[in-house]
Amino acid sequence: MKTILITGASRGIGREIAKLFAKNGYNVAINYNKSINDAKSLYNEIVSINANAILLKADVKNPNEVKQMVEDTIACFGHIDVLVNNAGISYKGLIFDESDEQTQEIINVNLLGSIYTSKYVIPSMLKNGSGKIINISSIWGNVGASLESTYSASKAGLIGLTKSLAKEYGYNNICVNCICPGVIDTDMNKNLSKAELDETIKQIPAGKIGKTNDISNLVLFLAESTGDYITGQIITVDGGFTL
Ligand code: NAP
């Protein structure tokens, strides 16, 4: 049985990925940081369909906690076949209004967190002779977002990480890809007013914002044998927003 480790699986996109992989017969390692009740309800949902899961509290910006999370997953399931670097936070505002602590937090969670998980998971994939890593970046990492400069920089970093790891481990049968979602209906966008949302939708050729399963379905495609010859790719899922 294959094992997937998803960072930030308690809510939003990560939660949807966890549910889809459980339905598809994977052991699911659910990482959360603050939302313990959401993580527990996800765990219960997964075991209720007779799939295997483990709950792992870890702050991805802390390398010791990441190392422990990876060790606990391997102790429980034996190996990690798929890693999804999904945990992320955002901040909207002028760059000089952002505190130094906020700046560091965004880079540490969104970029360093994914570097740490990759660093600690890859040895297990090398031992296995295969692996899939999927980084959840953002359209803003590709095209840049006014009022989200640090966030965009952290997400652009994930694109560099994806391409580099794909080159470094391609020969070892480890595929590394990156998904750039557009506007997806999760808590991350809950502060958008109706007017802001309507204005955004007007700019999206598909005429709607995305759903979490628009992302999870692609993660599954990349993780399964359908994605075996795809590596180093930056795939946008945004209803045409950034065309
Ligand atoms: P969300 O609903 O706010 O969920 C964020 C998840 O990240 C939560 O499960 C949260 O866990 C976790 N997380 C945050 N900080 C963490 C930390 N330090 N350590 C471990 N986990 C942490 O957001 P989402 O929309 O699902 O976003 C998921 C990913 O997609 C993010 O990387 C985001 O940047 C990216 N994305 C989202 C959109 C969008 O429109 N929604 C667009 C482009 C890209 P806890 O609550 O347990 O702390």
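Counting convention: from 1, in listed order, for ligands and their atoms alike. The structure presented is a predicted model; accordingly, all values stated were derived computationally and were not measured.
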Asks: Give yes if a backbone or side-chain nitrogen or oxygen of P181 is under 3.5 Å from a nitrogen or oxygen of ligand 1, and no if not.
Replies: no

Asks: Is there a donor-acceptor contact under 3.5 Å from the side chain of T73 to the main chain of A29?
Replies: no

Asks: Flag the pair D187 and R11 as a salt bridge only when some basic side-chain nitrogen lies within less than 4.0 angstrom of an acidic carboxylate oxygen.
Replies: yes

Asks: Side-chain heavy atoms under 4.5 angstrom apart, residues restricted to Ile, Leu, Val, Met, Phe, Trp, Tyr: same cluster for M1 and V47?
Replies: no

Asks: Given that the side chain starts at C-beta and the backbone is N, CA, C, O, which of these parts of D38 lies under 4.0 Å from ligand 1, counting heavy atoms, or is it both or neither?
Replies: neither

Asks: Check whether the side chains of N33 and K57 place a donor and an acceptor atom closer than 3.5 Å, and report yes or no.
Replies: yes

Asks: Can you tell me which portion of N31 lies within the under-4.0 Å heavy-atom range of ligand 1? Options are side chain, backbone, both, or neither.
Replies: side chain

Asks: What residue and heavy atom of the protein are closest to atom 18 (N) of ligand 1, and at what distance?
Replies: D59 OD1, 2.8 Å

Asks: Hey, is R15 one of the residues with a heavy atom under 4.0 angstrom from ligand 1?
Replies: no

Asks: Can an N or O of K61 be found at a distance shorter than 3.5 Å from an N or O of ligand 1?
Replies: no

Asks: What residue and atom, counting heavy atoms only, is the protein's closest point to atom 13 (N) of ligand 1, and at what distance?
Replies: A87 CB, 3.9 Å

Asks: Could you work out, for atom 20 (C) of ligand 1, the closest of A58, G88, S138 by heavy-atom distance?
Replies: A58

Asks: Atoms of ligand 1 less than 4.0 Å from G12 heavy atoms?
Replies: 2 (O), 26 (O)

Asks: Report the nearest protein non-hydrogen atom to atom 6 (C) of ligand 1: residue, atom name, distance rounded to 0.1 Å.
Replies: G8 O, 3.7 Å

Asks: Can K132 and D228 be counted as an ion pair, charged N to O under 4.0 angstrom?
Replies: yes

Asks: Would you kindly say whether E98 and T150 are connected by a side-chain donor-acceptor distance under 3.5 Å?
Replies: yes

Asks: Indicate every side-chain donor-acceptor pair of residues 172-180 with a distance under 3.5 Å to a residue at least two apart or in another chain.
Replies:
{"residue": "N173", "atom": "ND2", "partner": "G129", "partner atom": "O", "Å": "3.1"}
{"residue": "N177", "atom": "OD1", "partner": "G232", "partner atom": "N", "Å": "3.2"}
{"residue": "N177", "atom": "OD1", "partner": "Q233", "partner atom": "N", "Å": "2.9"}
{"residue": "N177", "atom": "ND2", "partner": "I230", "partner atom": "O", "Å": "2.8"}

Asks: For D187, take its heavy atoms, then give the atoms of ligand 1 lying under 4.0 Å from any of them.
Replies: 2 (O)

Asks: Please answer whether the main-chain N or O of N213 pairs with a side-chain N or O of N217 as donor and acceptor at a distance below 3.5 Å.
Replies: yes

Asks: Determine the sole option in V121, I133, N128, I4 for which the side chain to side chain contact (heavy atoms under 4.5 Å, CB included) test with I80 is passed.
Replies: V121

Asks: Can you find an N or O of V60 that's nearer than 3.5 Å to an N or O of ligand 1?
Replies: yes

Asks: Considering the heavy atoms of K34, write down every atom of ligand 1 situated less than 4.0 Å from one of them.
Replies: 45 (P), 47 (O), 48 (O)

Asks: Less than 4.0 Å between a side-chain N and a carboxylate O, is that true for R15 and E45?
Replies: yes

Asks: Less than 3.5 Å between some nitrogen or oxygen of V183 and one of ligand 1, yes or no?
Replies: no

Asks: For ligand 1, which part of N189 has a heavy atom less than 4.0 Å away: the side chain, the backbone, both, or neither?
Replies: side chain

Asks: So which heavy atom in the protein is nearest atom 38 (C) of ligand 1, and how far is it from that ligand atom?
Replies: G182 O, 3.8 Å

Asks: Between the side chains of T3 and N27, does any donor sit under 3.5 Å from an acceptor?
Replies: yes

Asks: Any N/O of Y32 closer than 3.5 Å to an N/O of ligand 1?
Replies: no

Asks: Ligand 1 versus V109, non-hydrogen atoms closer than 4.0 Å: side chain, backbone, both, neither?
Replies: side chain

Asks: Is there a path of hydrophobic side-chain contacts, each under 4.5 Å between heavy atoms, that joins F241 and I136?
Replies: no

Asks: Within this structure, what is the CD1-CD1 distance for the pair I215 and I13, rounded to the nearest 0.5 Å?
Replies: 5.5 Å

Asks: Go through ligand 1 atom by atom and flag the ones less than 4.0 Å from a non-hydrogen atom of I89.
Replies: 14 (C), 15 (N)

Asks: So which heavy atom in the protein is nearest atom 24 (P) of ligand 1, and how far is it from that ligand atom?
Replies: T186 OG1, 3.6 Å

Asks: Should K194 and D198 be marked as a salt bridge (charged side-chain N to carboxylate O under 4.0 Å, His left out) after you check the CA-CA gap, both sets of side-chain angles, and the distance that decides it?
Replies: CA-CA 6 Å; K194 165 124 181 34; D198 289 346; 2.7 Å; yes

Asks: When you compare ligand 1 with Y151, is there at least one nitrogen or oxygen pair between them that comes in under 3.5 angstrom?
Replies: yes

Asks: Just go through S154, A18, S137 and tell me whose heavy atom is the nearest to atom 44 (C) of ligand 1.
Replies: S137

Asks: Nearest protein heavy-atom contact for atom 29 (C) of ligand 1: which residue, which atom, what distance?
Replies: N86 O, 3.1 Å

Asks: Within the 3.5 Å criterion, strictly below it, is a donor on D72 or Q68 matched to an acceptor on the partner's side chain?
Replies: yes

Asks: Based purely on interatomic distance, does I184 place a nitrogen or oxygen under 3.5 Å from a nitrogen or oxygen of ligand 1?
Replies: yes

Asks: Cut-off 3.5 Å, side chains only: do N31 and T7 have a donor facing an acceptor?
Replies: no

Asks: Which atoms of ligand 1 have any heavy atom of I13 under 4.0 Å away?
Replies: 26 (O), 30 (O), 37 (C)

Asks: Quick one: nearest non-hydrogen protein atom to atom 9 (O) of ligand 1, plus distance?
Replies: S10 OG, 2.8 Å

Asks: So which heavy atom in the protein is nearest atom 3 (O) of ligand 1, and how far is it from that ligand atom?
Replies: R11 NH1, 3.3 Å

